[in-house]
**Q** 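Sharing a structure, written as structure tokens. Questions coming.
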Number of protein chains: 2
Amino acid sequence: MATLADVAREAGVSKATASRALTRPDMVAAATRERVTAAAGRLGFHANRSARALTTGRTGMVGLVVPTLANPFFAPLVLGAQRAAEEADAHVLLSVSEYDPGREAALTDRLGEQADGVVMVAPVGSDAELRERARRSPVVLVDRRVGRLPAVVLDTAAGAAEMVGHLLELGHRRLAYVAGPPGSWADEGRRAAMTERVAAAGARLTVLGPVTPTFDTGIATAAEVPHEVTAVLAFNSLVTLGLLHGLRAAGRRVPEDVSVAAGDDLTALGATDPAVTALEVPVEEAGAVAVQRLLELCAGAAGRSTTLTTRTVLRASTAAPRRA
Amino acid sequence: MATLADVAREAGVSKATASRALTRPDMVAAATRERVTAAAGRLGFHANRSARALTTGRTGMVGLVVPTLANPFFAPLVLGAQRAAEEADAHVLLSVSEYDPGREAALTDRLGEQADGVVMVAPVGSDAELRERARRSPVVLVDRRVGRLPAVVLDTAAGAAEMVGHLLELGHRRLAYVAGPPGSWADEGRRAAMTERVAAAGARLTVLGPVTPTFDTGIATAAEVPHEVTAVLAFNSLVTLGLLHGLRAAGRRVPEDVSVAAGDDLTALGATDPAVTALEVPVEEAGAVAVQRLLELCAGAAGRSTTLTTRTVLRASTAAPRRA
DNA sequence: ATGAAAGCGCTAACAA
DNA sequence: TTGTTAGCGCTTTCAT
């Protein structure tokens with residue numbers, strides 16, 4: 001491994017100059033810069049991250065704590081985070097908390113030691129816990145808001161309300177919502193927004209669940225959809241898929257007997273039969289933005305939050321209810 | 001942040017002794033060790049990883065390159081890797097290559113610089129590429145074998161053959177296999193093993209695909225299952241789910257008209273209706289073992305490979321064919 | 001069994 | 001603009 005000293009020698013300058021030429025090009029004469037860059041190239045030089053970290057106090061690594069990877073929400077999230085990190089020449093340190101607040105705390109601390117900061121997707125831990133973490137190292141929350149901590153939020157509450165609006169416009173009066181994970185911050189927001197919207201329209205919303213949003217709970221929940229309900233919105237695409245399966249098994253046609261819509265678009269919902277109306281949620285962007293915010297935060301910027309909006313994608317699974 | 005010097009002072013010993021007490025307890029008198037440990041505890045001391053890495057040349061980080069996270073195979077894989085790393089007080093640096101050999105190469109190099117070694121799940125890159133990577137830094141391959149490079153392999157070929165054996169015993173003579181990702185090493189192995197087994201029994205195997213194994217391609221492929229076929233095995237649980245959906249939509253009952261089995265058990269297949277017979281694949285273990293092997297490799301051990309076996313789980317989706 | 005001292009590769013004052 | 005020098009926090013000879 002070539003070291004900075006090698007590069008400096010090869011270029012006929014001091015280590016300091018070589019360092020500057022490589023990390024702060026504008027502090028060095030153009031000619032020198034060129035000689036150094038050339039030398040570095042020739043030697044295949046890559047600065048030793050550990051050494052740099054030791055002097056600067058910055059590791060160039062961002063921690064990412066997610067509750068699970070078994071939920072399709074996290075694939076694009078992690079991808080976005082990694083891309084943003086790559087862009088900034090940083091690396092992603094991943095930990096899976098398995099929805100265990102204790103593990104989450106421990107892992108975050110472990111990561112915090114090693115990373116410049118951590119992006120947390122913490123749907124279950126307590127506010128106090130999160131505040132405490134944020135005091136120890138820079139933290140950016142995803143899909144959750146805790147006081148004034150910097151967060152990247154997917155406004156699925158507004159999206160869900162918009163979706164409900166669409167269903168109401170179609171003429172539905174009896175709606176159902178298959179609620180998401182018990183205790184989920186995102187779920188509560190959606191529920192509140194939908195309830196309000198439905199009430200304002202003088203219609204009725206039945207809340208089913210909450211259930212852990214998986215394919216099988218979707219199937220199971222299908223049996224609980226009241227017969228007078230003509231439109232169902234489900235927490236995410238997984239439950240929705242199950243719901244579709246279950247509804248059909250019970251002999252209820254979609255959308256003739258009941259309209260179905262999904263709270264996210266994470267499992268190709270455009271290819272099912274019928275194609276499912278869904279909320280398009282910019283999850284990859286959320287991951288990317290979270291990392292960018294975190295990096296800004298580490299660079300001394302003030303923490304700021306971002307709200308990302310969703311888009312309603314209408315497909316064949318929603319239609320006007322049959323006249324009673 | 002408390003430093004080693006602080007601990008040493010607090011314990012009334014030299015930095016060297018403090019270091020030894022913490023990292024090589026047996027090189028130090030029991031009493032001293034205790035005083036140091038106590039002092040470290042009191043001060044909440046955690047060795048600075050960068051400093052340690054600088055002196056030892058080991059970062060305590062393992063790279064993990066996966067092609068995607070959108071496939072349920074990778075959730076347990078990553079989880080296992082992370083757990084094993086945690087166990088060894090190491091961290092996981094994750095990169096997603098998106099099935100792009102170029103990106104895979106670039107990311108691996110980037111990781112290799114920073115990590116002590118990398119675990120690669122590289123279903124698509126060329127053998128030569130992988131050999132080249134392995135020369136630059138310790139590498140452990142997952143679910144792929146390249147020459148004598150250390151690898152952790154899931155023996156799904158044997159598993160698939162066993163599954164076929166089960167179907168043959170039930171009396172099926174016309175089988176179909178929905179093949180996995182084009183160019184997949186694992187898929188080719190399974191195909192060969194199954195073909196051999198079927199031929200030996202004098203039965204026939206139709207290969208459908210290969211297709212990218214998703215829910216929708218499963219649905220689409222259902223239409224291509226020949227009518228005389230009485231048993232279908234699909235590459236993974238995702239396609240299988242789609243297949244089930246598609247078969248039913250086409251009016252073919254499972255298992256009465258056609259038996260269905262899955263090449264893995266990564267999406268709760270026990271809760272569908274009917275519950276699906278599947279190969280149980282120890283993916284989490286594969287991730288864990290890969291990291292352990294890598295760490296051993298970094299510690300100077302010889303590279304060795306491991307084969308993990310699968311288990312056939314019989315459920316309601318497979319039955320004897322109806323008499324023609 | 002312990003301590004003193006050197007040094008890993010880099011950056012950052014401070015001088016020139 | 002460039003060079004000199006002094007560490008960052010740790011491990012590790014080499015003495016003792």
Side-chain angles (χ1 to χ4, degrees), chain A residues 1-40 43-61 89-91 112-116 298-300, chain B residues 1-40 43-61 89-91 112-116 298-300:
Chain A
M1 275 288 90
T3 77
L4 189 63
D6 299 329
V7 175
R9 196 178 320 113
E10 173 90 5
V13 297
S14 74
K15 283 196 317 180
T17 302
S19 174
R20 288 187 197 108
L22 265 12
T23 56
R24 297 141 113 94
D26 37 296
M27 284 187 63
V28 119
T32 326
R33 186 190 319 146
E34 227 152 86
R35 262 186 308 139
V36 173
T37 334
L43 268 39
F45 171 78
H46 286 283
N48 179 320
R49 302 294 202 116
S50 303
R52 176 175 292 170
L54 190 52
T55 36
T56 60
R58 307 253 321 261
T59 60
M61 292 190 285
D89 198 31
H91 284 277
E113 261 176 59
Q114 184 81 323
D116 294 334
C298 296
Chain B
M1 273 287 88
T3 77
L4 189 64
D6 298 329
V7 176
R9 196 177 321 112
E10 173 89 5
V13 298
S14 73
K15 284 195 318 181
T17 302
S19 173
R20 288 187 195 110
L22 264 13
T23 56
R24 296 142 114 91
D26 36 295
M27 283 186 66
V28 120
T32 325
R33 186 190 319 146
E34 226 152 90
R35 261 186 308 140
V36 173
T37 332
L43 268 39
F45 171 78
H46 286 283
N48 178 318
R49 302 294 203 115
S50 302
R52 176 175 291 170
L54 189 53
T55 35
T56 61
R58 307 254 319 261
T59 60
M61 292 191 285
D89 198 31
H91 283 278
E113 259 176 59
Q114 184 83 320
D116 294 335
C298 295

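Proteins come first, then strands; the chains are lettered A, B, ... in the order of their sequence lines, and each starts at number 1.
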**Q** Between atom CG in A/N48 and atom P in C/dC8, what is the gap in whole Å?
**A** 12 Å
**Q** Between C/dC8, D/dT12, C/dA4, which nucleotide gets closest to the side-chain atoms of B/R24?
**A** D/dT12
**Q** Tell me the closest heavy-atom pair linking B/T3 and B/F45, and the distance in Å.
**A** C-CE1, 3.5 Å
**Q** Expressed as a whole number of angstroms, how long is the span from B/R58:CZ to D/dC10:C1'?
**A** 15 Å
**Q** What is the separation between atom NZ on A/K15 and atom C1' on D/dT4, rounded to the nearest whole Å?
**A** 11 Å
**Q** What nucleic acid atoms does B/S50 come within less than 4.0 Å of, heavy atoms only: base, sugar-phosphate, or nothing?
**A** nothing
**Q** Over all strands shown, is A/A16 touching base, sugar-phosphate only, or nothing at heavy-atom distances under 4.0 angstrom?
**A** base
**Q** So B/R49, base contact, sugar-phosphate only, or nothing? Heavy-atom distance under 4.0 Å.
**A** nothing
**Q** Which one, D/dT2, D/dT11, C/dT11, comes nearest to the side chain of A/V28?
**A** D/dT2
**Q** Closest approach to the side chain of A/L54, judged atom by atom: which nucleotide of D/dC8, C/dA1, D/dC10 is it?
**A** D/dC8
**Q** Between C/dT11 and A/S19, is there an OP1 or OP2 to side-chain N/O distance shorter than 4.0 Å?
**A** yes
**Q** So does B/R20 reach the base of C/dG3 with its side chain, donor to acceptor, closer than 3.5 Å?
**A** yes
**Q** Give the rounded distance in Å between these two atoms: CZ of B/R9 and P of C/dA4.
**A** 14 Å
**Q** Working note: B/L22 + B/L4, criterion side-chain contact (heavy atoms from CB on, under 4.5 Å); need CA distance, chi angles, decisive distance, verdict.
**A** CA-CA 10 Å; B/L22 264 13; B/L4 189 64; 4.0 Å; yes
**Q** Return the nearest nucleotide to the side chain of B/T23; candidates are D/dG3, D/dG9, D/dT11.
**A** D/dT11
**Q** Would one find a side-chain N or O of A/T17 under 4.0 angstrom from OP1 or OP2 of D/dG3?
**A** yes
**Q** Whole angstrom is fine here: how far is it from CZ in B/R35 over to P in C/dA1?
**A** 14 Å
**Q** Closer than 3.5 angstrom, by distance alone: can the side chain of A/R33 be matched with the main-chain N or O of A/P25 as a donor-acceptor pair?
**A** yes
**Q** Could you tell me the separation between the CD atom of B/Q114 and the C1' atom of C/dG9, rounded to a whole number of Å?
**A** 14 Å
**Q** Let me know, please, whether A/A30 or B/A51 comes out on the 5' side of the other along DNA chain D by nearest nucleotide.
**A** A/A30
**Q** Looking at B/R52 and B/A47, what are the two nearest heavy atoms and their distance?
**A** NH2-CB, 3.3 Å
**Q** Evaluate side-chain contact (heavy atoms from CB on, under 4.5 Å) for A/M1 paired with A/N48, printing each intermediate quantity in order.
**A** CA-CA 9 Å; A/M1 275 288 90; A/N48 179 320; over 6 Å; no
**Q** Over how many whole Å does the gap from A/R52 atom CZ to D/dC10 atom C1' extend?
**A** 20 Å
**Q** How long is the line joining CG of A/L22 and C1' of C/dC10, in whole Å?
**A** 11 Å
**Q** One pair to check against side-chain contact (heavy atoms from CB on, under 4.5 Å): A/M61 and B/Q114. What are the steps and the verdict?
**A** CA-CA 10 Å; A/M61 292 190 285; B/Q114 184 83 320; 3.8 Å; yes
**Q** Would you mind telling me which of D/dG9, C/dG3, C/dT2 lies closest to the side-chain atoms of B/T32?
**A** C/dT2
**Q** Please check the phosphate of D/dC8 (OP1 and OP2 only) for any side-chain N or O of A/T55 closer than 4.0 Å.
**A** no
